[in-house]
Amino acid sequence: MPARVRTAVIPAAGLGTRFLPATKAQPKEMLAVLDRPAIQYVVEEAAAAGLDDVLIVTSRGKHALGDHFDRMPELEAELERKGKTDALEQVVALAELARVHTVRQAEPRGLGHAVAMAADHVGDASFAVLLPDDLMVDDAALLRGMLGAHAEHGAPVVALKEVPRADISAYGCPRIEPVEGPLVRITEVIEKPDPEDAPSSLALTGRYVLTPAVFEALARVSPGKGGEIQLTDALGLLAETGTVYGWVFREGRYDVGTPLDNLRANIELALERPELAAELGPYLADLVRRRNL
Ligand code: UTP
C-alpha cells in the first residue's frame, strides 16, 4: 500500500489572462470569492482532506500568495489592541492550516511545467495537485475519494467532471473503461477534441493525485502551442504505458478564473450563509422580477 499522501501542489504562476484587467498586477488566485481569496478555499480543502504540506508554485509579483498564509505580527498586534478577537483568530488560524512553502516558476510555460517545479520538494512520494481556479464546494469529498482510491490502487487518480458535450472542446477528454462506482480507468486522453470526436463527455478538471512517475512523463512531453508543457499530455503518456484512474463527479465546481463563474460562485456561496442570504435572497428575487429575467 502506498504511503499516505501529505503534499498538495498548487500551481499559481499563470498570467490569468481571462480575468484582465483585474489580474494585471494582482494574482488571479488572490481574487476574493465572498470574503477570502480563491487560493484559501483550496488550501482549506487540502487541509480538510488531511494534506498538511502545501507547495504553491508562484512567479514574479505574486508574493501575496505566500504572505497570505504567513504570520503577520503587526496586524495581529493591532487586532489584539483593538479587541477584534474574531478577526485575530482568523488570521492566526490561516497560518496554521498547513505548512506552506513556495517555489518559483521563472516563465509561465504551462501547467505541466509548473507541476515539474515541485519535483525536488515531493521527492519519491505521491502528491496531489489542486488548481486554485477550480473551487470545489463539497467539503473535500472529491479529493478524499481520490486519495482513498490512490491509497487502494497506488496509481494516479484524476478528477473528471461530466460536462455538456458541446463544451468538451475546452478540456482534456479521456477515453474510459468503468471500474466501480465513480472510479474509471483512463485508456487515452485527447486534448480539446471536437464534440463529435470526443471519446466521452468527461473533462479533466483541477484535482489530481499523482505519483512521481509524472515527472519522467513531463520530461518526455514536447512543448505545444506557445511552448507550453501540458499536464494532460503527460497523463496521456502514463495512460499508454501504465494505469491511470479517473474519479467522476458532477456537482460543486466553479471555475473562478473566469468572470461569469466567479460571479456565480459569489452568489451561490453567499446564499449558503444565513446572515447574507436573509437579504440577498429577496434582493435577487426582486431583481429578477424587475428586469423580467
Ligand atoms: P490556467 O490556464 O487556468 O491559468 O491554468 P492561467 O494561464 O493563469 O489563466 P488564463 O488562461 O491566462 O486566464 C491553471 C492553473 O495553473 C497555473 C495557473 O496559475 C492556474 O492556477 N499555471 C498555469 C501555472 O502555475 N503556470 C503556468 O505556466 C500556467
Side-chain angles (χ1 to χ4, degrees), residues 7-33 36-46 54-66 68-69 100-122 127-136 143 158-161 163 167 169-173 189 191-192 203-208 210 214-215 218-219 221-235 253-265:
T7 301
V9 173
I10 304 184
L15 296 175
T17 56
R18 283 171 298 164
F19 222 134
L20 283 167
T23 49
K24 185 179 169 201
Q26 186 193 200
K28 166 174 80 169
E29 300 77 11
M30 287 301 291
L31 291 176
V33 178
R36 61 196 75 173
I39 195 160
Q40 185 178 330
Y41 289 90
V42 176
V43 173
E44 286 170 345
E45 178 191 341
V54 170
L55 179 71
I56 305 176
V57 184
T58 66
S59 55
R60 275 182 306 286
K62 293 206 173 189
H63 287 291
L65 294 172
H68 188 67
F69 298 98
V100 176
H101 310 267
T102 56
V103 63
R104 302 255 294 214
Q105 183 190 22
E107 282 178 90
R109 290 186 50 208
L111 175 58
H113 185 257
V115 170
M117 297 296 113
D120 285 346
H121 185 91
V122 302
F127 61 103
V129 173
L130 282 69
L131 302 194
D133 33 9
D134 278 330
L135 195 157
M136 295 300 307
L143 187 56
V158 178
L160 300 175
K161 182 166 192 307
V163 298
D167 298 346
S169 49
Y171 298 95
C173 173
V189 186
E191 183 63 12
K192 302 191 168 69
L204 265 69
T205 21
R207 299 290 179 273
Y208 311 81
L210 301 174
V214 76
F215 298 121
L218 283 168
V221 164
S222 338
K225 198 161 54 88
E228 293 202 347
I229 310 272
Q230 298 301 349
L231 181 60
T232 307
D233 293 343
L235 293 169
R253 174 223 182 209
Y254 301 95
D255 179 358
V256 293
T258 61
L260 184 61
D261 231 25
N262 190 291
L263 203 52
R264 203 164 64 86

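Ligands are counted one by one from 1 in listed order, and the atoms in each one are counted from 1 as well. Along the sequence shown, residues are numbered consecutively beginning with 1. Since this is a predicted model, take the numbers as computed values, not measurements.
Heavy atoms of G257 stay at 4.0 angstrom or farther from ligand 1. Heavy-atom separations between K28 and ligand 1 include at least one value shorter than 4.0 Å. Ligand 1 lies out of reach of V57, whose nearest heavy atom is not under 4.0 Å from it.
Scanning the protein heavy atoms around atom 11 (O) of ligand 1, the nearest turns out to be R18 NE, 3.1 Å. Atom 16 (O) of ligand 1 has L111 CD1, 3.7 Å as its closest protein atom, hydrogens excluded (heavy atom only). Looking from atom 22 (N) of ligand 1 to the surrounding protein, the closest heavy atom is G14 N, 3.6 Å. The protein heavy atom nearest to atom 17 (C) of ligand 1 is P11 O, 3.5 Å. In this structure, atom 8 (O) of ligand 1 lies nearest to the protein heavy atom G16 N, 2.8 Å.
In terms of polar-atom proximity, L131 is not counted as a contact of ligand 1, lacking any N or O under 3.5 Å from an N or O of the ligand.
Here T23 has no heavy atoms under 4.0 Å from ligand 1, in either its backbone or its side chain. Contacts between Q105 and ligand 1 below 4.0 angstrom, taking non-hydrogen atoms only, involve the side chain exclusively. Neither the backbone nor the side chain of E107 has a heavy atom within less than 4.0 Å of ligand 1.
Distance check for atom 13 (O) of ligand 1: a protein heavy atom is found below 4.0 Å.
Residues D255 and R18 are paired through a salt bridge, judged by an N-O separation under 4.0 Å between the basic side chain and the carboxylate.
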